[in-house]
Amino acid sequence: MGPLHNSEHGKEFKALRVSSDSFKPGGSIPSRFTCDGNDINPRLDIGDIPMEAKSLALIVEDPDAPGGTWLHWLVWNIPITHHIRENENPGVEGMNDFGRCSYGGPCPPSGTHRYFFKLYALDSLLNVKEGAGRSEVEKAMRDHIVGYGEFSGVYQRLKT
């Protein structure tokens with residue numbers, strides 16, 4: 001796959017290959033990765049990382065939340081790796097919309113929601129302190145993105 005054009009940042013970057021053996025692309029996320037289960041992050045496998053990458057950053061979000069996009073996990077300064085393992089804290093964590101500096105699994109109030117695992121390859125480490133919010137991390141990443149890929153799944157809570 002060739003480079004993507006990211007008009008928001010106005011520069012070309014390479015496509016990362018992001019997959020998981022925890023669930024199929026666009027498929028149902030197993031409950032162990034949600035608030036109904038163990039609330040742990042699923043495994044992510046990463047390929048086609050650009051040679052110039054010095055770190056990775058990950059944003060996990062739900063664009064279908066009633067009040068707008070809900071941030072489930074924010075992690076940066078992840079050392080270059082081809083695998084983020086289940087229940088792993090791979091880097092520096094920021095504040096999610098649950099008010100925690102950790103992974104917060106899918107927990108939709110109603111209906112089926114989509115969850116996007118957005119992975120960025122960066123040409124540097126970020127000088128951002130643990131607990132920072134999304135806007136601060138995105139601002140720091142803006143001129144350092146050299147690769148991007150995403151993986152998504154869906155989740156609907158069981159009726160009780």
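These numbers were taken from a predicted model, which means no experiment stands behind them. Along the sequence shown, residues are numbered consecutively beginning with 1.
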*Only pairs at least two apart or in different chains count here, so list each salt bridge (charged side-chain N to carboxylate O under 4.0 Å, His left out) that has a residue in residues 83-93.*
Arg32-Glu86
*Can you tell if the side chain of Phe117 reaches within under 4.5 Å of the side chain of Leu44, non-hydrogen atoms only?*
yes
*Considering non-hydrogen atoms only, spot the tightest contact between Pro63 and Thr69 and give its length.*
CA-OG1, 3.7 Å
*May I ask you to list the residues sharing a hydrophobic cluster with Phe98, side-chain cutoff 4.5 Å, ordered by chain and number?*
Trp70
*Non-neighbouring partners of His83 that pass side chain to side chain donor-acceptor pair (under 3.5 Å), sequence neighbours left out*: Arg43, Asp45
*Any side-chain heavy atom of Ile145 within less than 4.5 Å of one from Leu122?*
yes
*Which residues pass the side chain to side chain donor-acceptor pair (under 3.5 Å) test with Ser152, sequence neighbours left out?*
none
_Within this structure, what is the CG-CG distance for the pair Leu126 and Asn77, rounded to the nearest 0.5 Å?_
5.0 Å
*Can you name the closest pair of heavy atoms from Ser22 and Pro30 and give their distance?*
O-CG, 3.4 Å
*May I ask you to test the Val128-Trp76 pair for a side-chain heavy-atom distance under 4.5 Å?*
yes
Show me, pair by pair, the donor-acceptor contacts under 3.5 angstrom made by side chains of residues 52-62, not counting sequence neighbours?
residue, atom, partner, partner atom, Å
Ser55, OG, Ser124, O, 2.7
Glu61, OE1, Arg134, NH1, 2.6
Glu61, OE1, Arg134, NH2, 2.6
Glu61, OE2, Lys118, NZ, 2.7
Asp62, OD1, Asp64, N, 2.7
Asp62, OD1, Ala65, N, 3.4
Asp62, OD1, His113, ND1, 3.3
Asp62, OD2, His113, ND1, 2.6

*asked:* Between Ile84 and Ile78, is there a side-chain heavy-atom distance shorter than 4.5 Å?
replied: yes
_Connected-component partners of Met51 among ILVMFWY, side-chain separation under 4.5 Å_ = none
*Assess whether side chain to side chain contact (heavy atoms under 4.5 Å, CB included) is satisfied between Val75 and Val92, documenting all intermediate values.*
CA-CA 5 Å; Val75 190; Val92 179; 5.9 Å; no
*Say whether, by atom type as modelled, one donor and one acceptor occur between the side chain of Asp123 and the main chain of Val146 under 3.5 angstrom.*
no
*Using the six-membered ring wherever Trp is involved, compare the ring planes of His72 and Tyr115 and label them parallel, tilted or perpendicular (cut-offs 30° and 60°).*
perpendicular
*For the residue pair His144 and Met141, establish whether any side-chain heavy-atom pair is separated by less than 4.5 Å.*
no
*asked:* Rounded at 0.5 Å granularity, tell me how far OG in Ser102 sits from CD1 in Ile40.
replied: 12.5 Å
*Which pairs pass disulfide bond (SG atoms under 2.5 Å apart) with one or both residues in residues 114-155, sequence neighbours excluded?*
none
_If we ignore hydrogens and angles and just use 3.5 Å, is the side chain of Asp48 paired with the main-chain N or O of Lys14 as donor and acceptor?_
no
_For residues 37-112, which residue pairs pass the disulfide bond (SG atoms under 2.5 Å apart) check, not counting sequence neighbours?_
Cys35-Cys107
*Check whether any side-chain heavy atom of Pro50 sits under 4.5 Å from a side-chain heavy atom of Phe13, and report yes or no.*
no
*Mind jotting down which residue pairs meet the ring-ring contact (aromatic ring centres under 6.0 Å, His included) criterion with at least one end in residues 42-64? Sequence neighbours excluded, please.*
none
*asked:* Could you see if Leu119 belongs to whatever hydrophobic cluster contains Ile80? Use Ile, Leu, Val, Met, Phe, Trp, Tyr and a side-chain cutoff under 4.5 Å.
replied: yes
*Return the minimal non-hydrogen interatomic distance between Ile29 and Tyr155, and the atom names on each side.*
O-CD1, 3.3 Å
_ring pair (Phe, Tyr, Trp, His ring centres under 6.0 Å) partners for Trp73, two or more places apart_ = Tyr103
*Indicate, with yes or no, if Val137 and Leu125 share a hydrophobic cluster defined by side-chain heavy-atom contacts under 4.5 Å among Ile, Leu, Val, Met, Phe, Trp and Tyr.*
no
*Would you mind reporting whether Val18 and Glu150 have side-chain heavy atoms less than 4.5 Å apart?*
no
*Would you mind listing every ring-ring contact (aromatic ring centres under 6.0 Å, His included) that reaches into residues 23-44, with sequence neighbours excluded?*
Phe23-Phe151
*Sequence neighbours excluded, which residues qualify as side chain to side chain donor-acceptor pair (under 3.5 Å) partners of Thr112?*
Gln156
